[in-house]
Asks: 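Starting off with a structure, shown below.
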Amino acid sequence: MPAFICHTCGVQYAESPAPPDVCRICADPRQYIGWEGQRWTTLDELAAEGHRTALRMLEPDLYGIGVEPELAIGQRSLLVVTSEGNVLWDVPGFVDRAALSRVDELGGLAAVSASHPHFYGVMAEWADAFDAPLVLPEADARWLTRPARRVRHYDDRAELVDGVTLVRVGGHFSGSAVLHWRDGAQGRGALLSGDSVTVAQDRAWVSFMWSYPNLIPLDARELDGIAEALDGLAYDRIYGGWWGRVVEHDAQDAVARSVARYRTAITDTRSLEP
């Protein structure tokens, strides 16, 4: 039986003879049903339409794996390569043999995870292909649409391999997380943030939302929770959820400035005027 994939969000569901009536990821107020109504596809259909994976080195031991042409929300995944095993993060809604073969050449996978349910994509395909644990927050357990063989839940933090740690920050979803890579950015540390902490268009700032497509902000309590969860992590660079969305340097300062600016924006927007 096919494992249907929502055309709008790219999240894959469990095998079934017919697609679900509605994608519950998209029916949630943080997302939306596509303008053309609920549409479904499969990996075979996407391949027949010409979709393929694209792998790029972003820095030593970090690769991006995207989909061309762009699919659904358009995120690219990130592969962290370490001597202790590799970690795949924020999987899009398509995978092909070329991507699986290249990751196998790079040492396979020790773990698969994601920042939040919008970026679950076809992560079960990857976890099953490499017999790797699929490590997800207990807080978002109800959003898993296609269980893999080896799902493992965590509460607030989980070290996937030495130097690569999941940190739950909340906000966008209760279980929204970032991946802290200790050795990233030439040893200065990197944060792989999806849109738990989203890199803004100017790439000098970040921002935070409860719903990005529906433009619903977070309140001050949730904002403070994110800042507290990030406190104590050492990082100089942030990789957001899409190609090019990178804060290259001084990322900790960018987060601190952005938290202060966001708090001002939700209390007194006049203070932001030049």
Asks: Evaluate the side chain to side chain contact (heavy atoms under 4.5 Å, CB included) criterion for residues Ile25 and His118: first the C-alpha distance (whole Å), next the side-chain angles of each, then the deciding distance (0.1 Å), finally the verdict.
Replies: CA-CA 7 Å; Ile25 301 290; His118 293 156; 3.6 Å; yes

Asks: For the residue pair Phe94 and His51, categorise the inter-ring angle as parallel (less than 30°), tilted (30 to 60°) or perpendicular (more than 60°).
Replies: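 Ring orientation, 0 to 90° scale: tilted.
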
Asks: Show your working on side chain to side chain contact (heavy atoms under 4.5 Å, CB included) between Phe130 and Leu100 and close with a plain yes or no.
Replies: CA-CA 9 Å; Phe130 290 96; Leu100 295 173; 3.8 Å; yes

Asks: Flag yes if more than 12 heavy atoms outside Asp21 fall under 6.0 Å of its CG atom; otherwise flag no.
Replies: no

Asks: Do Val259 and Leu223 touch side chain to side chain, with heavy atoms closer than 4.5 Å?
Replies: yes

Asks: Going hydrophobic residue to hydrophobic residue with side-chain gaps under 4.5 angstrom, can you get from Val22 over to Leu144?
Replies: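 No, Val22 and Leu144 fall in different hydrophobic clusters.
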
Asks: Using 0.5 Å steps for rounding, measure from the CG atom of Asp104 to the CG atom of Leu109.
Replies: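 Spacing of CG (Asp104) from CG (Leu109) equals 9.0 Å.
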
Asks: Do the side chains of Thr145 and Phe4 get nearer than 4.5 Å, heavy atoms only?
Replies: no

Asks: Evaluate the criterion side chain to side chain contact (heavy atoms under 4.5 Å, CB included) for residue pair Leu160 and Leu179; output intermediate values, then yes/no.
Replies: CA-CA 10 Å; Leu160 301 180; Leu179 191 67; 3.9 Å; yes

Asks: Of all residues at least two apart in sequence or in a different chain, which pass the side-chain contact (heavy atoms from CB on, under 4.5 Å) check with Arg188?
Replies: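 side-chain contact (heavy atoms from CB on, under 4.5 Å) list for Arg188, sorted by chain: Ala185, Gln186, Asp236, Arg237, His249.
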
Asks: Going through the checks in order, is the side chain to side chain contact (heavy atoms under 4.5 Å, CB included) test met by Thr8 and Ile33?
Replies: CA-CA 7 Å; Thr8 300; Ile33 302 295; 5.8 Å; no

Asks: Just one of Val169, Ile238, Leu166 clears the side-chain contact (heavy atoms from CB on, under 4.5 Å) bar with Val178, so which one?
Replies: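 For Val178, the side-chain contact (heavy atoms from CB on, under 4.5 Å) test succeeds with only one of Val169, Ile238, Leu166, which is Val169.
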
Asks: Hey, what do you get for NE2 (His7) to OG1 (Thr42), rounding to the nearest 0.5 Å?
Replies: 10.0 Å

Asks: Do Glu159 and Tyr154 pair up side chain to side chain, a donor and an acceptor below 3.5 Å, judged on atom types alone?
Replies: no

Asks: Within this structure, what is the CG-CD distance for the pair Leu43 and Gln12, rounded to the nearest 0.5 Å?
Replies: 5.5 Å

Asks: Please assess Glu59 against Tyr239 for the test side-chain hydrogen bond (donor to acceptor under 3.5 Å, both in side chains), listing each intermediate value before the final yes or no.
Replies: CA-CA 11 Å; Glu59 68 171 79; Tyr239 288 93; 2.5 Å; yes

Asks: Can you get from Ile65 to Trp242 by hopping between Ile, Leu, Val, Met, Phe, Trp and Tyr side chains that sit under 4.5 Å apart?
Replies: no

Asks: Do Glu138 side-chain atoms and His153 backbone N/O form a donor-acceptor pair below 3.5 Å?
Replies: no

Asks: Is the shortest side-chain heavy-atom distance between Trp181 and Thr165 below 4.5 Å?
Replies: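 Side-chain contact under 4.5 Å: no.
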
Asks: For Trp89, is the NZ or CZ atom of Arg76 found under 6.0 angstrom from the centre of its six-membered ring and inside 45 degrees of the ring axis?
Replies: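 Relative to the ring axis of Trp89, which defines the angle, Arg76 lies outside at least one limit.
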
Asks: Side chains of Asp90 and Ser77: donor-acceptor distance under 3.5 Å anywhere?
Replies: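 Asp90 vs Ser77: no donor-acceptor pair found between side chains.
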
Asks: Between Thr82 and Val164, is any pair of side-chain heavy atoms under 4.5 Å apart?
Replies: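 Sidechains of Val164 and Thr82: in contact.
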
Asks: Counting C-beta onward and ignoring hydrogens, is there a side-chain heavy-atom pair between Tyr63 and Arg56 closer than 4.5 Å?
Replies: no

Asks: Distance-only, no hydrogens or angles: does the Arg203 side chain make a donor-acceptor pair with backbone N or O of Gly244 under 3.5 Å?
Replies: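 Checked: pair present.
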
Asks: Taking the basic N atoms (NZ, or NE/NH1/NH2) and the acidic carboxylate oxygens, is any pair closer than 4.0 Å for Arg150 and Asp128?
Replies: no

Asks: Salt-bridged, Arg52 to Asp96, with N to O below 4.0 Å?
Replies: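 Looking at Asp96 together with Arg52, the answer is no, because their closest N to O distance does not fall below 4.0 Å.
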
Asks: Could you check whether any side-chain heavy atom of Leu230 comes within less than 4.5 Å of a side-chain heavy atom of Val255, counting everything from C-beta outward?
Replies: yes

Asks: Side chains of Leu62 and Val81: does their closest heavy-atom pair fall under 4.5 Å?
Replies: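 Leu62 vs Val81: side chains apart.
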
Asks: Roughly how far, to the nearest 0.5 Å, is CG of Leu79 from CG of Asp61?
Replies: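 With rounding to 0.5 Å, CG (Asp61) is 9.5 Å from CG (Leu79).
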
Asks: Please confirm whether His172 and Tyr212 have ring centers closer than 6.0 angstrom.
Replies: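 When the ring centroids of His172 and Tyr212 are compared, they turn out to be within the sub-6.0 Å range.
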
Asks: Run the numbers on Asp224 and Arg263 for salt bridge (charged side-chain N to carboxylate O under 4.0 Å, His left out), then give the verdict.
Replies: CA-CA 9 Å; Asp224 290 342; Arg263 184 177 289 106; 2.2 Å; yes

Asks: Is there a side-chain contact between Thr198 and Arg245 in this structure, where contact means two heavy atoms from C-beta onward sitting under 4.5 Å apart?
Replies: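 Contact flag for Thr198/Arg245 side chains = yes.
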
Asks: Would you say the side-chain atoms of Thr267 pair up with the backbone N or O of Thr264, donor to acceptor, closer than 3.5 Å?
Replies: yes

Asks: Take atom CD in Gln201; do more than 12 heavy atoms of anything else shown fall under 6.0 Å from it?
Replies: no

Asks: Please round to the nearest 0.5 Å and tell me the distance separating atom OH of Tyr120 and atom CG of Leu136.
Replies: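 Answer rounded to 0.5 Å: 4.5 Å.
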
Asks: Examine Val112 and Val167 and state if one hydrophobic cluster contains both, with Ile, Leu, Val, Met, Phe, Trp and Tyr joined whenever side-chain heavy atoms are less than 4.5 Å apart.
Replies: no

Asks: If only atom types and distance count, is the side chain of Ser258 paired as donor or acceptor with the main-chain N or O of Val206 below 3.5 Å?
Replies: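 Present.
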
Asks: According to a 4.5 Å side-chain heavy-atom criterion applied to Ile, Leu, Val, Met, Phe, Trp and Tyr, with indirect links allowed, do Val95 and Leu106 form part of one hydrophobic cluster?
Replies: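 Yes, same cluster.
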
Asks: Should the heavy atoms of other residues, nucleotides or ligands under 6.0 Å from CD of Glu36 be counted, would the total exceed 12?
Replies: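 For Glu36, atom CD is not crowded (no more than 12 foreign heavy atoms under 6.0 Å).
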
Asks: Using a strict 4.0 Å threshold on nitrogen-to-oxygen distance, state whether Asp28 and Arg24 make a salt bridge.
Replies: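 Between Arg24 and Asp28 there is no salt bridge, as every charged N stays at least 4.0 Å from the carboxylate O atoms.
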
Asks: Mind checking whether His116 and Phe173 have parallel, tilted or perpendicular rings, split at 30° and 60°?
Replies: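 Tilted, since the angle between the ring planes falls between 30° and 60°.
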
Asks: Rounded to the nearest 0.5 Å, what separation is found between the CG atom of Asp156 and the CZ atom of Arg168?
Replies: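 It comes to 4.5 Å.
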
